[in-house]
Amino acid sequence: MQKTAGNNLVSMRSLGRRPPRRKIQPRFFVFLSALILLLVLVSLPFLPRSTASVRLGSVGNSTSTQALVVHDETVQSVKAFGQLQPLAMEGRYVTAGDPVIEVFTSSYNDTEKQKLQDVQMQIKALQESSLLQDVNDQSLRQLDSRIADQLKQITAIARGDTQIGLYKAENDLGYLISDRHEFLQRDTAANKQLQQLYDQEKNIRARVESLKTVVNAGSSGVVSYYLDGLEPVFTYIALEQVDVSQARTLLKSREVEIQSGAKGERPIFRVVNPEHFALIALLPKDNTYALDQKVPVHIKSANLSCVATVRRVVSDAREQLVVLEVVEEIASFISQRKADISVGGTQEGMIVPIDALYGDGSAVTLTDGTTVDVIVLARDKSNALVEPVTTGELRVGQSVKLEP
């Protein structure tokens, strides 16, 4: 008769024996270990990290926008005036104290200038007829040649539209004629008629001089007579005061009425630092900018790529205003008030997580407790591109602490 397993078990229990235990196979432990390891690996990304490694990578993005250009400039203003006679041409570099422009009162007119020129020509004619016959001097002939050349130049300029050049040429002619007068006064005896003309010239010149004021440069830089009314509004001091709404309005406006200065004064010229200016840009709020951060900027109209420093960040509900300071020589840019620019770009170097930046974002702490001061060159939402203030203090592969 064949016995079943159940009958055997019953028989063993009825005899008081314990049934044999089933052995756990080794492959069970292998399976259990693999399961635990898998769970650990899956959960690692979700566990809070306390450290991270410094690594090589790239950070950044680029945003195209239009910016206001704020020049580092000194604006010279005067009260009511008549004519202006520039002494320094547009774009000329001057130092502080150099004469830039002659400002005449409203009482001055071209009649006074014409009287002076007429008397000077009478003096010249009389000298030639009565005095030059006894004078044989190479220096005098050279002066005459220069005067003749200057008169030809004035005639040529007068046919064109360059009034500033004409004023300067006329001014130079006056100096040459004065030099000639001094020469002849030293070497010839003036007769009565000539002396009368000399006195007449002196009186007219004194009257003209009393009607003008020479305005000097208040600082060193490039002279510009281009004025657009933004001078009293957007100065380097005002960079700390402008808000997002004001910048948005100015970027949309095409023309700005030229404003008067204090006590009825009006600006007449600027002296611009050609190596220093600022950009006011409105940028998306999801872009991250920190004070003193170095940001790549490309100015399209000047075809200039440079690195700007973030000097101010302020936001409203829509976007953020970022003030970027640029130290770059760009003399051809001094008359522009708006510029199409692109801000940012991909930069490569040492990167750390944003959470590794401590305090005001200018330092990281190594896992051994050493604090390393860094400069943040660029950043995005997750990482920051940094370089140590002291070369060699931060290297790829080092571990840094993360803020909790």
Side-chain angles (χ1 to χ4, degrees), residues 76-90 92 98-135 137 139-216 223 225 264-266 268-269:
Q76 186 64 53
S77 301
V78 296
K79 293 184 178 180
F81 55 86
Q83 295 186 22
L84 299 175
Q85 183 169 321
L87 303 176
M89 302 301 102
E90 175 80 21
R92 176 183 171 184
D98 286 350
V100 175
I101 195 170
E102 292 178 340
V103 180
F104 292 87
T105 68
S106 56
S107 300
Y108 175 81
N109 53 53
D110 290 335
T111 302
E112 297 292 336
K113 181 172 65 175
Q114 189 61 49
K115 287 180 180 179
L116 181 60
Q117 291 180 354
D118 290 344
V119 171
Q120 290 173 337
M121 296 311 296
Q122 290 179 42
I123 291 174
K124 181 177 181 295
L126 184 59
Q127 289 171 337
E128 290 175 345
S129 62
S130 61
L131 299 175
L132 292 185
Q133 57 185 356
D134 298 324
V135 178
D137 191 283
S139 298
L140 183 59
R141 289 197 294 272
Q142 290 176 349
L143 276 174
D144 284 342
S145 177
R146 292 174 61 188
I147 290 174
D149 291 341
Q150 196 67 26
L151 286 170
K152 291 178 181 178
Q153 183 180 359
I154 291 174
T155 302
I157 294 175
R159 297 193 188 101
D161 300 323
T162 309
Q163 289 299 317
I164 291 179
L166 179 61
Y167 289 141
K168 185 176 184 303
E170 291 173 343
N171 202 43
D172 291 343
L173 177 62
Y175 289 139
L176 288 174
I177 293 177
S178 295
D179 291 343
R180 191 175 190 277
H181 290 177
E182 292 176 4
F183 178 87
L184 290 175
Q185 286 174 325
R186 290 192 307 266
D187 295 272
T188 62
N191 58 27
K192 184 177 180 180
Q193 183 180 3
L194 187 59
Q195 187 59 53
Q196 290 176 344
L197 289 174
Y198 283 150
D199 293 341
Q200 188 178 354
E201 179 199 24
K202 181 179 179 180
N203 292 334
I204 297 176
R205 186 181 292 276
R207 187 163 61 250
V208 170
E209 292 294 323
S210 69
L211 298 176
K212 77 175 182 181
T213 301
V214 177
V215 182
N216 299 327
V223 174
Y225 298 100
E265 293 186 343
R266 290 180 62 86
I268 54 174
F269 68 87

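The first residue of the sequence shown is numbered 1, and numbering continues consecutively from there.
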(request) Answer yes if the side chains of Gln114 and Asp118 hold a donor-acceptor pair under 3.5 Å, and no otherwise. (result) yes
(message) With side-chain contact (heavy atoms from CB on, under 4.5 Å) as the criterion, how do Lys124 and Ile147 come out once you've worked through the C-alpha distance, each side chain's angles and the decisive distance to 0.1 Å?
(response) CA-CA 11 Å; Lys124 181 177 181 295; Ile147 290 174; 4.3 Å; yes
(request) Could you tell me which non-hydrogen atom of Pro86 sits nearest to which non-hydrogen atom of Tyr225, and how far apart they are? (result) CB-OH, 3.3 Å
(request) For residues Pro99 and Ala88, report the shortest heavy-atom separation together with the two atoms involved. (result) O-CB, 4.3 Å
(message) Test of understanding: with side-chain contact (heavy atoms from CB on, under 4.5 Å), list the residues that count as partners of Gln200, not counting sequence neighbours.
(response) Val119, Leu197, Ile204
(message) Pair Ile101, Leu87 - check side-chain contact (heavy atoms from CB on, under 4.5 Å), show working.
(response) CA-CA 5 Å; Ile101 195 170; Leu87 303 176; 5.7 Å; no
(message) Quick one, Val100 with Asn216, criterion side-chain contact (heavy atoms from CB on, under 4.5 Å). Give me CA distance, side-chain angles, the key distance, then yes/no.
(response) CA-CA 5 Å; Val100 175; Asn216 299 327; 5.8 Å; no
(message) Please find the pair of heavy atoms, one from Phe269 and one from Val215, that lie closest to each other, and give the distance.
(response) CE2-CG1, 3.7 Å
(message) With heavy-atom distances below 4.5 Å as the criterion, would you say the side chains of Tyr198 and Ile123 are in contact?
(response) yes
(message) My understanding is that only residues two or more places apart in sequence, or in another chain, count here; which of them pass salt bridge (Lys or Arg N to Asp or Glu O under 4.0 Å) with Arg205?
(response) Glu201
(request) Please name all residues satisfying side-chain contact (heavy atoms from CB on, under 4.5 Å) with Asn203, sequence neighbours left out, ordered by chain then number. (result) none
